[in-house]
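This report refers to the structure that appears directly beneath it.
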Amino acid sequence: MSRVFPLEKIRNIGIIAHIDAGKTTVTERILYYTGRTYKIGGVDEGTAVMDWMQQERERGITITSAATTCDWDGHRINIIDTPGHVDFTAEVERSLRVLDGGVVVLDAVAGVEAQSEAVWRQADRYNVARICFINKMDRVGADFHRTVSMIERRLRARVLPIQVPLGTESSFRGIIDIVENKAVVFPADAELMPVEEPIPESDRTDVAHRYQVLVEKLAQSDDEIMFMYLEGQEISVSQMKAAIRRLTVSGEIVPILCGSALRGRGIRPLLDAVVAYLPSPSDIPPIPAIDPRTGRQIHCRASDDEPLSALAFKVVSDPFMGRLTYLRIYSGNVKSGAQVLNASKGKKQRLGRLYFMHANRREEVGEADAGSIISTVGLKGTTTGDTLCDVARPLLFEPIHFSSPVLSMAIEAKTKADEDKLDEVLAKLGDEDPSFKVRHDQETGQGLISGMGELHLEVLVDRMWREFGVKVNVGRPRVAYKETITVPVDAEGRFIRQSGGRGQYGHVWLRLEPGARGSGLEFRNRIRSGAIPREFIPSVEAGVREAIETGGPAGYPIVDIEVALCDGSFHEVDSSELAFKVAGSMAVKSGVAKAKAVLLEPIMKVEIVTPVQFLGDIIGDLSARRARVDGIETQEDFCIIRCFAPLGESFGFATELRSLSQGRATHTMEFYRYEELPPGLGEQARAGTKVAG
């Protein structure tokens, strides 16, 4: 099948931002203006195409990333609309992993917010080229220049404003395109095409200055523009756009655009910028992978002529289709029914039907080429992060890494009938969402679900009832405490069993020392004299790891510990791998009991945006929750509070914040690190039920 769109005319982009910045509204307008939808969907009305889940429409927020495809100016644009709430950051993580470019949407009133910084860091991690769209220019308090300044200061980005607003707040009526030196006015009727006009006389001096600054910024990084600038040559619009594209693709600059998505203003110029400046798959350097047979590195070039390589980045349980797996194809092409190798699992699998997705609707295709984002059915064993490839060329991409959950709830089925289905439903949800974990506590008999926050778990429990018909009771959200030691100790583990035949003999001496915060477990082998044969060392380490996962004196997993195997002894006949594994576990348990173990609690990084008049009450509430205020930034009539608060004290904070601020304050919360729990509170935690780590 010949390509409909050449590789260089494909754009794989994500719409990313802080919650309520207008991501989904931007996406809905893009779909309408590209002809993908026949009417404009609205988030507030619950009619947004991309927010298709019932929970999304009720709450007015994006919960799951949704993929769609549209065409503009002879280009195919594959779009993923991502959530903005920190509880669903895993959706952003796996989306950015497979995208080439991103549109970062910012609120012109609020500027750069907490989750804006988080998604920016995620995009940095995956080298995703970006353009910024400053939205809501028609709102009271909108400030384009302040937002640009915040992007430079807080995101440390080298910005390149290629548009400035024509009017502001209620008088916002268009944009001035600095590159093409023209004004674009948007009619009151969003159905009508924008009108190009000469730049108003009052703005010409400012625009001329901004054009000069733009050329100078380009000349600093682009040799072609620098040569023309120094020679005094006139730079054409096409030459300038080519330079902006080169620097955007390389990540050296971030073009800035503006508009008002709700009124459809600035969306068409945004689409033009996506096509003009964001990279195609062929602009991206070859993707590194590992040959699992030899360990050597392979580079997958975006081309239909290369062998197949694809990454499974999302799994969804569709009520009608069954299990849908989303794939980004990096090289080669694939047909419906083709046999592929799941290199992550080492198994051959056969693809089912292939689909281009449009939120929760599907468009079946027979074949997909390099650069495509598609979904398929039939891949039962494939999970998020697995690599699919040509059977003749096995390779492994780096898997997608997700943050560990920090909040747990006890869960139980309401009826016996629900109990029979609960495990299956939990397995499906865990298959879909890598940041959702399920475990059974052997000591208490409780089922425990863990996630990224209260809203995350609330939505999943709601889905259990609505989608799968399973009613459950959930307990108070529980904190994932951990334990660590505070003093170094030497510990002996001796496992000796004698019987009529061959016995068991394992004997080790371990040195346990406190590790750096966040280091987890570091195991070192310091056996030098052959006191323990080399083949038993891995068994000792396995026993050590099993013991720290089982938990310390309070029953919580042990972290931030260094364990060194220093000495021991063995028996030529009775020693075995099992004996040394048990001896290693025994040594850790006896050592931790002597090492003055303490509890660690998760600390959250909290950012609160509130009108100034509520600052005192909110600070008082934070103090009562043992929060440490890191800084307060005042901006006109509102302020930003940045603090660190224990997760265990954060339950109910959202409700209290709304009450204290008359519903006007907002906050975001993300995991920061683990810190030692105060001794008095540690005793309370030890008295409680053990939770999942």
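Residue numbers count from 1 along this sequence. The shown structure was predicted, so the numbers you read here are calculated from the model rather than taken from an experiment. Atom set for the values below is all heavy atoms of this structure, side chains included, hydrogens, waters and symmetry mates excluded.
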Checklist entry - So do Met226 and Asp223 actually touch side chain to side chain, heavy atoms under 4.5 Å? => result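 Of all side-chain heavy-atom pairs linking Met226 with Asp223, at least one is under 4.5 Å.
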Item to check | Check: Asp304/Asn333 side-chain N/O donor and acceptor closer than 3.5 Å | outcome: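 Side-chain D/A pair, Asp304 to Asn333: absent.
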Item to check | ring pair (Phe, Tyr, Trp, His ring centres under 6.0 Å) against Tyr330, all qualifying residues, sequence neighbours excluded | outcome: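 Partners of Tyr330 by the ring pair (Phe, Tyr, Trp, His ring centres under 6.0 Å) criterion, ordered by chain and then number, come out as Phe397.
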Using the side-chain hydrogen bond (donor to acceptor under 3.5 Å, both in side chains) criterion, which residues pair with [X]? Sequence neighbours excluded.
X      : value
Arg139 : Asp107
Arg362 : Asp318
Glu196 : Lys182

Check side-chain contact (heavy atoms from CB on, under 4.5 Å) between [X] and all other residues, then give those that pass, not counting sequence neighbours.
X      : result
Val103 : Ile13, Ile15, Val105, Ile131, Phe133, Leu270, Val274, Leu278
Val609 : Phe638, Ile640, Thr666
Arg263 : Asp138, Ser260, Arg265
Ser238 : Ser236

Item to check | Sequence-distant partners of Arg97, salt bridge (Lys or Arg N to Asp or Glu O under 4.0 Å), two or more places apart | outcome: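 For Arg97 there are no salt bridge (Lys or Arg N to Asp or Glu O under 4.0 Å) partners, ignoring immediate neighbours.
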Checklist entry - Can you tell which of Thr68, Ile329, Leu99 makes a side chain to side chain contact (heavy atoms under 4.5 Å, CB included) with Ile373? => result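 Only match with Ile373 under side chain to side chain contact (heavy atoms under 4.5 Å, CB included): Leu99.
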Next on the checklist: Between Ile134 and Val148, does the side-chain contact (heavy atoms from CB on, under 4.5 Å) criterion hold? Intermediate values first, please.
Outcome noted: CA-CA 9 Å; Ile134 299 177; Val148 171; 3.8 Å; yes
Output every pair passing salt bridge (charged side-chain N to carboxylate O under 4.0 Å, His left out) with a member in [range], not counting sequence neighbours, ordered by first then second residue.
range            : result
residues 157-178 : none
residues 121-132 : Glu93-Arg125, Arg121-Glu670, Asp124-Arg130
residues 271-281 : none

Checklist entry - Using the ring of each side chain (for Trp, its six-membered ring), is Phe172 parallel, tilted or perpendicular to Phe186, with breaks at 30° and 60°? => result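 Judged by the thresholds at 30° and 60°, the geometry between Phe172 and Phe186 is tilted.
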Checklist entry - Would you call Arg36 and Glu363 a salt bridge, taking side-chain N to carboxylate O under 4.0 Å as the test? => result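 A salt bridge links Arg36 with Glu363.
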Next on the checklist: Does this structure show an ion pair linking Arg328 with Asp100, if we count only N-O contacts that are shorter than 4.0 Å?
Outcome noted: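 Yes, this pair counts.
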